[in-house]
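Here the structure is a predicted model, which means the values were calculated and not measured. The figures here come from the full heavy-atom set of this structure, side chains too, leaving out hydrogens, waters and symmetry mates. Position 1 is the first residue of the sequence, and the numbers go up from there.
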Amino acid sequence: MQRYDRQTVVVKYGGHAMGDPELARDFARDVVLLKQAGVNPVVVHGGGPQIGRLLERLNIKSEFKDGLRVTDRQTVDVVEMVLAGSVNKEIVSAINDQGGKAVGICGKDANLMRAHRLERRVRDPLSNIEKVLDLGYVGEPGLVEPHIIDVIIHSDLIPVVAPIGVGPEGETLNINADTFAAAIAVALKAKRLLLLTDVDGVLDKDGALIRSMTTTEALNRIADGTITGGMIPKIESCLDVIAEGVEAVVIINGKVPHSVLLELFTEHGAGTLIERRRPGGYRMRQP
């Protein structure tokens with residue numbers, strides 16, 4: 001526990017764990033315990049399924065380009081209402097019910113997350129001409145001003161952050177929660193970034209959990225085909241975060257009860273930890 005005393009830990013909370021009331025209570029209890037133990041937890045949450053359900057109820061059809069949801073003006077209003085409204089306040093209430101003092105904010109508060117529109121280029125397989133996909137109000141992090149989080153975490157409060165950013169013209173931009181959490185972790189110089197997902201972590205070619213990897217080993221496992229599909233961009237994002245100064249990133253199954261505590265306060269952890277190593281193979285773990 002001394003390893004994380006007064007250290008900042010950013011937790012990206014999402015996946016099926018958010019939809020299970022018992023797991024949600026466990027997560028809220030874990031976050032409160034972290035704060036009581038002297039850790040500074042920062043919760044960043046997603047909400048894709050909740051957004052999809054409300055869009056369906058409102059009879060707003062979603063268009064997808066290259067696997068990404070196009071977010072027009074009508075859709076981004078729903079996204080903001082769900083993420084910065086109902087989902088954010090559900091998590092805040094859950095933490096408060098467990099004895100914590102949570103505060104809900106989003107990236108628009110105090111200009112926490114200045115963003116710009118996400119630009120994706122694709123090449124037409126027939127003409128071989130590259131074109132830019134117009135994804136509407138979808139953003140990616142630009143400048144992070146973490147003052148508001150610093151103020152919150154150095155009190156008895158716990159910040160719960162919705163991944164909404166503000167664009168160059170003051171427009172609302174929807175940002176991927178993993179990407180948002182990574183940018184926050186870098187800006188706060190966090191000791192750990194925990195990504196709660198619906199999988200146990202990174203698996204080897206035999207399907208066994210890889211409990212830890214260096215950044216070099218992670219690159220090698222991408223090259224040799226051990227890490228494939230949608231896990232590749234997630235690992236690449238982890239490597240970028242570590243390169244920017246975050247000590248380690250951990251991919252955890254949020255469906256495992258108390259997975260956050262198991263990862264931080266047990267030697268074996270609860271998922272796949274990715275970190276740098278000093279020369280000679282000594283793991284960078286501060287006392």
Side-chain angles (χ1 to χ4, degrees), residues 8-37 39-55 78-110 112-113 144 146 148-153 155-165 172 174-185 188 190 192-198 250-264 270-271:
T8 298
V9 174
V10 177
V11 184
K12 184 268 177 173
Y13 178 48
H16 286 92
M18 289 181 63
D20 185 309
E22 187 172 348
L23 288 174
R25 282 192 299 271
D26 287 344
F27 175 79
R29 191 177 299 118
D30 291 354
V31 170
V32 172
L33 182 57
L34 289 180
K35 188 69 175 179
Q36 292 172 342
V39 183
N40 294 322
V42 177
V43 178
V44 175
H45 63 84
Q50 293 90 331
I51 292 169
R53 286 195 293 269
L54 184 55
L55 288 172
V78 173
V79 168
E80 184 171 15
M81 180 169 58
V82 172
L83 291 180
S86 58
V87 171
N88 187 271
K89 299 315 171 190
E90 281 179 12
I91 299 170
V92 166
S93 295
I95 293 173
N96 292 343
D97 286 345
Q98 297 301 320
K101 294 181 179 179
V103 176
I105 62 174
C106 75
K108 296 172 75 173
D109 291 303
L112 168 62
M113 180 67 73
V144 181
I148 186 171
I149 295 182
D150 281 328
V151 171
I152 294 171
I153 63 177
S155 67
D156 60 346
L157 304 175
I158 300 168
V160 179
V161 192
I164 297 291
T172 298
N174 178 27
I175 301 174
N176 174 273
D178 283 1
T179 305
F180 190 102
I184 294 294
L188 293 173
R192 286 286 188 276
L193 169 61
L194 307 184
L195 300 175
L196 271 63
T197 66
D198 291 332
V250 191
I251 300 172
I252 306 173
N253 190 342
K255 295 182 289 185
V256 175
H258 305 295
S259 57
V260 171
L261 295 185
L262 289 172
E263 171 55 38
L264 295 179

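Taking the side chain to side chain contact (heavy atoms under 4.5 Å, CB included) definition, one finds that Val92 meets it with Asn88, Asn96, Ala102, Val160, sequence neighbours left out. Legend: residues meeting salt bridge (Lys or Arg N to Asp or Glu O under 4.0 Å) with Lys35, ordered by chain and number and at least two apart, are absent. When the side chain to side chain contact (heavy atoms under 4.5 Å, CB included) test is applied to Val32, the partners found at least two apart in sequence or on another chain are Gln36, Ile95, Gln98.
Ser155 contributes a side-chain N or O that, together with a main-chain N or O of Ile152, makes up a donor-acceptor pair within less than 3.5 Å.
Residues Ala94 and Ala28 come closest through the heavy atom pair O-CB, 3.4 Å. Pro159 and Pro41 make their closest contact through CD-O, 3.5 Å (heavy atoms, listed as atom of the first residue, atom of the second, distance). Of all non-hydrogen atoms in Gly254 and Ser259, the two that sit nearest each other are CA-OG, 4.1 Å. Between Ala182 and Leu193, the shortest heavy-atom distance links the atoms CA-CD2, 3.9 Å. Across all non-hydrogen atoms, the minimal contact from Ala177 to Gly46 is CB-CA, 3.8 Å.
Atom-to-atom distance recorded for Asp97:CG and Arg29:CZ is 11.0 Å, nearest 0.5 angstrom. Taken from CD1 in Ile175 to OG1 in Thr172, the straight-line distance is 10.5 Å, to the nearest 0.5 Å. The distance from atom CG of Leu195 to atom CD1 of Ile252, rounded to the nearest 0.5 Å, is 8.0 Å. Rounding to the nearest 0.5 Å gives a distance of 8.5 Å between CG of Asp178 and CD1 of Ile251. In this structure, Leu261 CG and Leu34 CG are separated by 5.5 Å, a value rounded to the nearest 0.5 Å. One distance of note links NE2 of His45 with CD1 of Ile91; it measures 4.5 Å at 0.5 Å rounding.
Taking 4.5 Å as the limit, every side-chain heavy atom of Val43 sits out of range of all side-chain heavy atoms of Lys12. Contact check for Leu23 versus Pro257: side-chain heavy atoms found under the 4.5 Å cut-off. Looking at heavy atoms from C-beta onward, Met18 lies out of side-chain contact with Glu90 at the 4.5 angstrom threshold. Taking 4.5 Å as the limit, every side-chain heavy atom of Cys106 sits out of range of all side-chain heavy atoms of Leu83. Counting heavy atoms from C-beta outward, Val11 and Val42 have side chains that stay 4.5 Å or more apart. Looking at Asn40 and Ile158, their side chains never come closer than 4.5 Å, going by heavy atoms from C-beta outward. A 4.5 Å side-chain heavy-atom check between Val9 and Leu264 finds at least one atom pair inside the cut-off. Residues Lys255 and Asp198 have side chains in contact (heavy-atom distance under 4.5 Å, counting atoms from C-beta outward).
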Evaluation steps, side chain to side chain contact (heavy atoms under 4.5 Å, CB included), between Phe180 and Ile164: CA-CA 8 Å; Phe180 190 102; Ile164 297 291; 5.9 Å; no

Quick one: do Asp150 and Leu188 satisfy side chain to side chain contact (heavy atoms under 4.5 Å, CB included)? Show the steps, please. CA-CA 8 Å; Asp150 281 328; Leu188 293 173; 3.7 Å; yes

Residues Phe27, Leu196; criterion side chain to side chain contact (heavy atoms under 4.5 Å, CB included); working and verdict: CA-CA 10 Å; Phe27 175 79; Leu196 271 63; 3.9 Å; yes

Evaluate side chain to side chain contact (heavy atoms under 4.5 Å, CB included) for Ile51 paired with Leu55, printing each intermediate quantity in order. CA-CA 6 Å; Ile51 292 169; Leu55 288 172; 3.8 Å; yes

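With respect to Glu263 and Arg192, no salt bridge is recorded, no charged nitrogen being found less than 4.0 Å from a carboxylate O.
In the displayed structure, Lys89 atom NZ is contacted under 6.0 Å by more than 12 heavy atoms of other residues, nucleotides or ligands.
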